Amino acid sequence: MDLVEFQGKQLFARNGVPVPPPGDIARTVEEAVTSAERILGGGTSAVVVKAQVKVGGRGKAGGVRLARSVEEAREAAEAILGLDIKGHEVRVLYMEPASDIVEEYYLSVMHDRVNKGDLIICSRQGGVDIEEVNRTDPDAVVKRQVVPSERVDGLSRTVALEIVTQADLPVEVRESAADLLVALFGAYLAEDATLAEINPLIRTPDDRVVALDAKVSLDENAAFRHGELAEWRIDGIDGDDPLETRAREQGMQYVKLDGDVGVLGNGAGLVMATLDVVAQNGGRAANFLDVGGGASAESMAASLKLVLSDPAVKSVFINIFGGITRGEDVARGVLGALEQLGEFPQQLIVRLDGTNAEEGRRILEEAAHPSIIPAPTMQEAAALAVASARSAA
Amino acid sequence: MSIFIDENTRVVVQGIGAQGTFHAARNKAYGTQVVAGVHPKRGGGRWDELDAPIFSSVAEAVAKTGANTSMVMVPAPFTKDAILEAHAAGVATIVAITEGVPVHDMTVVYDTVVRDGGARLIGPNCPGLISPGKANVGIIPADITMPGRVGLVSRSGTLTYQIMHELAQAGIGISTCVGIGGDPVIGTQFLDVIQAFAADPDTDAIAFVGEIGGGEEQRAGEWIRDNIPDTPVVGYIAGFEAPAGKQMGHAGAIVKEDGPGGESAAEKQAILAGFGIPVANNPSAAAALMIERLARG
């Protein structure tokens, strides 16, 4: 999961990575004003009002503003709250005491999918798009692969110093930048991060280095080592979609989409393929939902309930390939789920294939449930589901 | 022939709980030699369902039974150690079915077992592999396919079954089907499997099922163009409708926002088309493409 800036800074701070003095979270203009009064009253000359969204480029989109007075902070909060940044609506602000900036650098540690390892990236050019720097001036970007022993022993200060020196960070800040890199790498490992990026890393007038921004992604598969990551889920940012939050709580793989055909199936790949086939038949899926391997009546009922609770859903496409789970068991699972759910207006188009699919389809046909339309292939089922959604709309 | 597993495969199972026992028994019923189970506290006992001995370590299982392949079905928090243990015991082929293994764990495993160790690791987060008529290691349903000459490689489980099933209904069998898994760090890549198929005299054609995220499909495609341009290869990439920034079930199935590009299904399809490899818009169309391609000869 991706953290927003203020969360990334909390994570940095507890791992010894220097960050600016703590600020406040604001969800309303009033909260922003109260925070600005506190920060400006404390002797800081300015406060930065920053949109907390999980997408890059918020500065360019007008999501970051400097305010030198409470009135300016109010105006900034009014302008930024509700702003749409690349499809992400701003609902949370981070109010931070402004830092004095002498220079800006770039520093990150990230999982490198291509090389199946970890990569440290450092550049003297920060506060700008690092990909762009890499294209136009690749020599200005130092990249170093992490070696296996460093995953056990941590990054040595000597190596960290080599990296910041190679990146040509000024002599005055090299020692403190090396310390910061050692701490950043430690945080990356200890917190099971797949990305820990500081852009910009700033030099202050007294030659300290401070993480002015923080972009952190955590590995959800490692949640068992970190209290299930619940501490990072906050109102207004996660739970962008209430159904996704509910699904997560029930351990389901659910993604809300913008169409009207509800989709559920067994296996992530098969469900992705189902979305594709619905689109190729002129419809749009309302969601992605992988019910997993078993397709028991209980898991089917819970999944169906979730899909049907989305008011946008006008028809439901249940796509099951019976592997080890036999067709007759899947069919009984669907029928059992309907008994638990009671009545609902949407039609369920059920496509069963694979092991004992004929037997499963026969069970569905004999049950003659008014809500169920059996279909033999994915294509036919998709066409039926799209047509059913249209006629219900 | 086939790749990675065959009639000489001797399987030790790590993780002999209900799931492990259920699938190992199916594998054995198919004719796979499942020779031992491993459990730290049940060593010296008998694995009744499999009529096989239980050892307290993989090393002991290998010494006593000549196991050469491990099936790992332990829970995610223990998977790293289980794979490392199998490797240290000299097991050459390790099939990790477990879902939800942390990326940092897999980075260590990849370095030790694959990059430096030279072992064949399949998965994790995969359905395993089957060489029809010879051996089945993992959770792939065996009765929807049959022996043949098409190699199948896939990042997805049920989607693989779908294509295998459609090919079987058209009378087309499989040499080996390998589910490589849906995680960002997996032991065996698309390209590894395709190179193995290219070297296998009994595989004449290759079908693949990719997904959004990463760039392994493209790497494999480039190699195919440069090395086996005359081999029939067709595929499907799942997730044409997947929005950017959303993880679609599998940990690796995500088109990153502000990402490196080339991760969406449409981009992968276009890149592979540039290498002369047709990518269908859905799984049925991919099976149909293969059927048509083989009929042309």
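Proteins get letters first, then strands, A, B, ... in listed order; numbering begins at 1 in each. These figures come from a predicted structure and were not determined experimentally.
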Against chain A, label B/Tyr161 side chain, backbone, both or neither, depending on which of its atoms sit under 4.5 Å from a heavy atom there.
-> both

Largest heavy-atom contact set with chain A, pairs under 4.5 Å, which of B/Gly252, B/Ala285, B/Ser154, B/Gly182 | B/Gly252

Between [atom1] on residue [X] and [atom2] on residue [Y], distance to nearest 0.5 Å:
{"X": "A/Thr194", "Y": "B/His104", "atom1": "OG1", "atom2": "NE2", "answer": "7.0 Å"}
{"X": "B/Lys246", "Y": "A/Glu244", "atom1": "NZ", "atom2": "CD", "answer": "3.5 Å"}
{"X": "A/Gln253", "Y": "B/Met248", "atom1": "CD", "atom2": "CE", "answer": "10.5 Å"}
{"X": "A/Thr377", "Y": "B/Gln162", "atom1": "OG1", "atom2": "CD", "answer": "9.0 Å"}
{"X": "B/Leu159", "Y": "A/Phe321", "atom1": "CG", "atom2": "CZ", "answer": "10.0 Å"}

Side chains of A/Asp276 and B/Tyr236: is there a donor and an acceptor less than 3.5 Å apart?
-> yes

Are more than 12 heavy atoms from other residues, nucleotides or ligands located less than 6.0 Å from atom NZ of A/Lys86?
-> yes

Starting from the C-alpha separation in whole Å, work towards a yes-or-no answer on side chain to side chain donor-acceptor pair (under 3.5 Å) for B/His165 and A/Asp353.
-> CA-CA 9 Å; B/His165 180 64; A/Asp353 209 340; 2.9 Å; yes

Give a yes or no on whether a salt bridge exists between B/Asp111 and A/Arg151, defined as a side-chain N under 4.0 angstrom from a carboxylate O.
-> yes

Salt-bridged, A/Arg225 to B/Asp105, with N to O below 4.0 Å?
-> yes

Under 4.5 Å from a heavy atom of chain B, the part of [X] involved:
{"X": "A/Ala285", "answer": "neither"}
{"X": "A/Phe288", "answer": "side chain"}
{"X": "A/Leu289", "answer": "neither"}
{"X": "A/Gln379", "answer": "side chain"}
{"X": "A/Tyr254", "answer": "neither"}

Step-by-step side-chain contact (heavy atoms from CB on, under 4.5 Å) determination, A/Lys116 to B/Gln189 | CA-CA 11 Å; A/Lys116 294 163 188 63; B/Gln189 322 306 315; 3.1 Å; yes

Apply side-chain contact (heavy atoms from CB on, under 4.5 Å) to the pair B/Thr107 and A/His111, showing each step before the final yes or no.
-> CA-CA 9 Å; B/Thr107 308; A/His111 174 68; 4.1 Å; yes

So do the side chains of B/Asn282 and A/Met378 get within less than 4.5 Å of each other, counting heavy atoms only?
-> no

Counting heavy-atom pairs under 4.5 angstrom with chain B, the leader among A/Asp258, A/Val278, A/Leu270, A/Val271 is A/Leu270

For chain B, find which of A/Gly57, A/Ala273, A/Gly259 contributes the most heavy-atom pairs closer than 4.5 angstrom.
-> A/Ala273

Using a heavy-atom distance cut-off of less than 4.5 Å, which residues of residues 211-222 of chain B contact chain A?
-> B/Glu211, B/Ile212, B/Gly213, B/Gly214, B/Glu216

Kindly say whether A/Asn266 contributes a backbone atom to a donor-acceptor pair with the side chain of B/Thr158 at under 3.5 angstrom?
-> yes

Applying side chain to side chain donor-acceptor pair (under 3.5 Å) to A/Lys256 and not counting sequence neighbours gives A/Asp310

